Amino acid sequence: QVQLVESGGGLVQAGGSLRLSCAASGFTFSIYAMGWFRQALGKEREFVATTNRSGGSTYYADSVKGRFTISRDNAKNTTYLQMNSLKPEDTAIYYCAARRGTNYAYRDHEYNYWGQGTQVTVSS
């Protein structure tokens with residue numbers, strides 16, 4: 001059974017940091033590219049960050065570039081999203097997703113598996 005389980009969300013003040021984790025099981029993690037997306041209340045889901053299957057290549061949305069870092073540990077079947085200098089507009093449910101293939105992707109329809117999400121709330 002395929003599972004992606006996010007953790008690490010919570011409430012933080014503006015300027016603070018959080019580290020999200022996404023633990024994968026039920027599939028061969030190392031052959032999947034990984035991505036993070038988010039959905040704020042009343043808005044459509046949007047791309048945040050993605051990495052290829054080795055972790056050697058990454059791509060970010062302009063809104064988070066320079067503040068967020070995506071990484072992965074294939075030995076632990078886990079991907080991470082380090083979020084620094086958080087802003088109230090980063091408040092959303094954050095989802096991790098897995099895409100079979102070598103290369104990363106920023107369109108959500110290219111992903112095969114999704115987690116249930118973790119809430120991130122940034123207070124001003």
Side-chain angles (χ1 to χ4, degrees):
Q1 180 184 359
V2 171
Q3 279 194 311
L4 293 172
V5 180
E6 301 95 336
S7 61
L11 174 63
V12 64
Q13 288 189 331
S17 297
L18 283 174
R19 188 195 196 203
L20 305 184
S21 299
C22 172
S25 61
F27 63 100
T28 307
F29 180 75
S30 61
I31 65 171
Y32 280 72
M34 297 298 295
W36 287 94
F37 292 77
R38 66 187 182 186
Q39 187 167 19
L41 192 63
K43 296 188 177 181
E44 292 188 353
R45 184 166 60 193
E46 65 174 3
F47 165 75
V48 175
T50 180
T51 183
N52 68 348
R53 66 182 187 181
S54 71
S57 294
T58 57
Y59 182 72
Y60 298 90
D62 287 343
S63 58
V64 306
K65 200 173 296 182
R67 300 188 298 122
F68 290 11
T69 302
I70 187 172
S71 61
R72 64 188 295 161
D73 185 337
N74 285 350
K76 295 183 178 180
N77 288 356
T78 302
T79 190
Y80 305 96
L81 186 68
Q82 177 67 44
M83 305 186 295
N84 299 329
S85 302
L86 282 161
K87 305 175 182 179
E89 51 263 43
D90 294 318
T91 295
I93 299 174
Y94 283 71
Y95 300 90
C96 71
R99 174 182 184 269
R100 185 178 177 94
T102 301
N103 298 319
Y104 59 60
Y106 58 88
R107 287 182 283 263
D108 57 5
H109 71 267
E110 297 189 67
Y111 285 80
N112 304 101
Y113 306 128
W114 291 83
Q116 293 299 307
T118 185
Q119 176 71 48
V120 171
T121 303
V122 184
S123 63
S124 56

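Note that this is a predicted model, so its numbers are computed, not measured. Heavy atoms only: backbone and side chains are in, while hydrogens, waters and symmetry mates are out.
- With sequence neighbours left out, Phe68 forms a ring-ring contact (aromatic ring centres under 6.0 Å, His included) with no residue at all.
- Residues Tyr95 and Tyr111 share a single hydrophobic cluster, defined by chaining ILVMFWY side chains whose heavy atoms lie under 4.5 Å apart.
- Between Tyr60 and Ile70 the shortest heavy-atom distance is OH-N, 2.9 Å.
- With respect to the salt-bridge test (charged N to carboxylate O, under 4.0 angstrom), the residues Lys65 and Asp62 qualify.
- The structure places CG of Leu81 at 11.0 Å from CD of Glu6, a figure rounded to the nearest 0.5 Å.
- A search for side chain to side chain donor-acceptor pair (under 3.5 Å) contacts involving Thr51 returns nothing, not counting sequence neighbours.
- Within the model, atoms CE of Met83 and CG of Asp90 stand 7.5 Å from one another, a figure rounded to the nearest 0.5 Å.
- Around the CD atom of Glu46, the shell of radius 6.0 Å holds more than 12 heavy atoms that belong to other residues, nucleotides or ligands.
- Residues passing the side chain to side chain contact (heavy atoms under 4.5 Å, CB included) test with Ser63 are Arg38, Ala61, sequence neighbours excluded.
- By the side chain to side chain contact (heavy atoms under 4.5 Å, CB included) test, Asp73 pairs with Ala75, Lys76, Tyr80, sequence neighbours left out.
- Considering only residues two or more places apart in sequence or on other chains, Lys43 meets the side chain to side chain contact (heavy atoms under 4.5 Å, CB included) condition with Ala40.
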Which pairs would a plain distance check flag for residues 12-34, meaning a side-chain donor or acceptor within less than 3.5 Å of a matching protein atom at least two apart in sequence or in another chain?
| from | atom 1 | to | atom 2 | distance (Å) |
| --- | --- | --- | --- | --- |
| Ser17 | OG | Asn84 | OD1 | 2.9 |

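- Applying the side chain to side chain donor-acceptor pair (under 3.5 Å) rule to Asn74 yields the partners Arg72; only residues at least two apart in sequence or on another chain are considered.
- Through ILVMFWY side-chain contacts below 4.5 Å, Val5 is grouped with nothing and stands alone.
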Under 3.5 Å, which donor-acceptor pairs do the side chains of residues 117-124 form with other protein atoms, sequence neighbours left out?
| from | atom 1 | to | atom 2 | distance (Å) |
| --- | --- | --- | --- | --- |
| Thr118 | OG1 | Gly9 | N | 3.3 |
| Gln119 | NE2 | Ala92 | O | 3.4 |
| Gln119 | NE2 | Thr121 | OG1 | 3.3 |

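- Remark: Tyr59 pairs with Phe47, Tyr104, Tyr106 by the ring-ring contact (aromatic ring centres under 6.0 Å, His included) rule, at least two apart or across chains.
- Remark: Arg100 engages no residue in a side chain to side chain donor-acceptor pair (under 3.5 Å) (not counting sequence neighbours).
- The side chain to side chain donor-acceptor pair (under 3.5 Å) search around Tyr113 returns none, not counting sequence neighbours.
- Distance alone, capped at 3.5 Å, places no donor-acceptor pair between the Thr58 side chain and the Thr50 backbone.
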